[in-house]
Amino acid sequence: MADAELKKAFTELKNKSVETATRIKAVDNQIEQCKNRGKHAELTYMEVKQTSGESKLYESVGRMFVLETQDTILSQLQDRAVKSRESIQKLENQKTYLSKNLKESENSLRELVESKKTTIA
């Protein structure tokens, strides 16, 4: 009876560990995407800032392009970069939480294995 309970607990902890590791990988991918978006916004900002005030600048909106002023585009690019940084910070916090959760699961798994070894011996 106790062996079946240990086996069930072991399976649950193992599944939790695998699920948490998968979520950490997904968060890592999201962080990478946010970094790329932020870098793209920053590079575009630098290039747009170098253009003269007389240059026509267009913003893509769906399948069309809208003529915008340089100041409008620069402020939008700054907003994108800031939002990207904020998203990265939130995702990093989430990753930290998930990592702690994973370590706790692994420690519980180790304790379970040790307790099983001591009961067998």
Side-chain angles (χ1 to χ4, degrees):
M1 185 73 126
D3 193 37
E5 291 173 3
L6 280 174
K7 195 171 194 176
K8 182 180 177 187
F10 180 80
T11 305
E12 288 175 2
L13 285 172
K14 185 67 176 166
N15 289 340
K16 185 178 179 183
S17 295
V18 169
E19 180 184 330
T20 304
T22 304
R23 289 174 60 191
I24 288 173
K25 287 180 186 176
V27 168
D28 280 336
N29 289 337
Q30 290 176 338
I31 289 171
E32 200 60 38
Q33 289 174 350
C34 285
K35 284 181 181 178
N36 289 340
R37 272 187 254 134
K39 188 69 171 175
H40 183 265
E42 290 171 6
L43 291 172
T44 306
Y45 178 86
M46 288 188 284
E47 290 298 319
V48 169
K49 194 166 184 148
Q50 291 176 1
T51 63
S52 66
E54 299 169 5
S55 299
K56 291 185 180 183
L57 301 173
Y58 295 90
E59 178 188 10
S60 67
V61 179
R63 292 174 38 180
M64 66 179 189
F65 294 93
V66 178
L67 182 64
E68 292 285 351
T69 63
Q70 184 179 13
D71 293 335
T72 303
I73 290 180
L74 289 175
S75 67
Q76 289 174 352
L77 290 169
Q78 280 181 326
D79 289 344
R80 285 183 199 158
V82 168
K83 286 179 183 176
S84 178
R85 280 189 227 109
E86 290 171 356
S87 294
I88 290 170
Q89 186 61 43
K90 288 178 185 176
L91 289 167
E92 289 287 347
N93 291 340
Q94 186 178 1
K95 182 180 175 185
T96 302
Y97 170 76
L98 289 171
S99 295
K100 287 179 183 177
N101 196 356
L102 180 63
K103 285 188 179 195
E104 288 175 10
S105 294
E106 289 174 349
N107 288 338
S108 297
L109 200 56
R110 280 191 197 98
E111 289 174 10
L112 187 61
V113 168
E114 287 298 321
S115 69
K116 191 170 185 176
K117 283 181 182 178
T118 57
T119 56
I120 292 173

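Counting begins at 1 with the first residue of the sequence. Everything numeric here is computed off the predicted structure, so don't read it as measured data.
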Would you be so kind as to tabulate the donor-acceptor pairs closer than 3.5 Å made by side chains of residues 59-73, with sequence neighbours excluded?
unit_1 : atom_1 : unit_2 : atom_2 : d
T69    : OG1    : T72    : N      : 3.3
T69    : OG1    : T72    : OG1    : 2.7
Q70    : NE2    : V48    : O      : 2.8

Roughly how far apart are [X] [atom1] and [Y] [atom2], rounded to 0.5 Å?
X    : Y   : atom1 : atom2 : result
D79  : S84 : CG    : OG    : 12.0 Å
I88  : N93 : CD1   : CG    : 12.0 Å
S87  : Q33 : OG    : CD    : 11.0 Å
E106 : T20 : CD    : OG1   : 9.0 Å

| query | Is any side-chain heavy atom of E12 less than 4.5 Å from a side-chain heavy atom of K8? | reply | yes

| Is there a side-chain contact between H40 and T44 (heavy atoms, below 4.5 Å)? | yes

Those residues that, when tested against [X], pass side chain to side chain donor-acceptor pair (under 3.5 Å) (two or more places apart):
X    : result
E111 : none
T11  : none
R110 : N107

| note | Minimal heavy-atom distance between S105 and S17, with the atoms involved, is CB-OG, 3.4 Å

| Contact list for residues 32-42, test salt bridge (charged side-chain N to carboxylate O under 4.0 Å, His left out), sequence neighbours left out |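 Salt bridge (charged side-chain N to carboxylate O under 4.0 Å, His left out) check on residues 32-42 returns E42-R85.
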
Could you tabulate the donor-acceptor pairs under 3.5 Å formed by side-chain atoms of residues 94-104, not counting sequence neighbours?
unit_1 : atom_1 : unit_2 : atom_2 : d
K95    : NZ     : D28    : OD1    : 2.8
T96    : OG1    : E92    : O      : 2.9
S99    : OG     : K95    : O      : 2.9

